[in-house]
Amino acid sequence: SLGWLLVPEYRKGEGLHLTFTDAGGQPVPVQGLTVLIGRTTTAAEDQTPSFVREAGVYKAPIELAPGKWMLHVEAHAEDGTLFRQRLDLFVRG
């Protein structure tokens with residue numbers, strides 16, 4: 001209902017970057033961001049990194065091995081509305 005788009009990007013040596021944008025393509029500030037990152041088949045590599053907002057992008061300095069990962073993202077809009085999304089991410093080797 002918020003009309004947000006969330007785009008994840010993993011950059012080797014820089015970590016995971018999350019960009020939240022509104023329906024007009026403008027960056028959106030979020031509150032209470034929590035992200036569970038893990039493999040789709042096992043919980044052995046699950047991580048819950050801390051993110052810092054820099055120039056409208058949320059960044060976490062983590063290292064991910066090549067392969068398929070999933071992200072469970074939860075955040076709140078400034079008015080308290082909950083945003084929740086599950087995303088797949090493929091890290092090239």
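Everything numeric here is computed off the predicted structure, so don't read it as measured data.
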Query raised in the report: Could you state the interatomic distance from NE2 (His17) to CD (Glu9), rounded to the nearest 0.5 Å?
Result: 7.0 Å
Query raised in the report: Would Asp88 and Lys68 count as a side chain to side chain contact (heavy atoms under 4.5 Å, CB included) if you check the C-alpha gap in whole Å, the side-chain angles of each, and the deciding distance to 0.1 Å?
Result: CA-CA 7 Å; Asp88 291 325; Lys68 189 173 182 180; 4.0 Å; yes
**Report entry** Shortest non-hydrogen contact from Ile37 toward Pro49
**Finding:** CD1-CG, 3.7 Å
Query raised in the report: Would you say the side chain of Asp46 lies within less than 4.5 Å of the side chain of Leu36, judging by non-hydrogen atoms?
Result: yes
Query raised in the report: Does Val7 reach the side chain of Phe20, with side-chain heavy atoms less than 4.5 Å apart?
Result: no
Query raised in the report: Do Arg53 and Phe51 have side chains that get closer than 4.5 Å, going by heavy atoms?
Result: no
Query raised in the report: Hey, what do you get for OG1 (Thr41) to CZ (Arg39), rounding to the nearest 0.5 Å?
Result: 7.5 Å
Query raised in the report: More than 12 heavy atoms of other residues, nucleotides or ligands under 6.0 Å from CZ of Arg86: is that the case?
Result: yes
Report task. Each residue besides Met70 in its hydrophobic cluster should be listed here, by chain and number; the cluster joins Ile, Leu, Val, Met, Phe, Trp and Tyr at side-chain heavy-atom distances under 4.5 Å. Result -> none
Query raised in the report: Is there side-chain contact between Leu16 and Leu71, with heavy atoms separated by less than 4.5 Å?
Result: yes
Report task. Kindly work out whether a path of hydrophobic side-chain contacts (I/L/V/M/F/W/Y, heavy atoms less than 4.5 Å apart) joins Leu33 to Leu89. Result -> yes
Report summary line: Ala77 meets the side chain to side chain contact (heavy atoms under 4.5 Å, CB included) criterion, sequence neighbours left out, with Leu2, Trp4, Asp79, Thr81
Query - Non-hydrogen side-chain atoms of Pro29 and Glu78 separated by less than 4.5 Å - result: yes
Query raised in the report: Any side-chain heavy atom of Val35 sitting closer than 4.5 Å to one from Thr48?
Result: no
Report summary line: Of all heavy-atom pairs linking Ser50 and Pro61, the shortest is O-CD, 4.2 Å
Query raised in the report: Do the side chains of Tyr58 and Val52 get nearer than 4.5 Å, heavy atoms only?
Result: no
Query raised in the report: Which heavy-atom pair separates Glu63 from Gln47 by the least distance, and what is that distance?
Result: O-NE2, 3.9 Å
Query raised in the report: In Å, rounded to the nearest 0.5 Å, how long is the span from CD of Glu74 to CZ of Phe83?
Result: 10.5 Å
Query raised in the report: Is Glu14 salt-bridged to Lys12, cutoff N-O under 4.0 Å?
Result: no
Report task. Could you tell me whether the side chain of Thr19 reaches within less than 4.5 Å of the side chain of Leu6, counting heavy atoms only? Result -> no
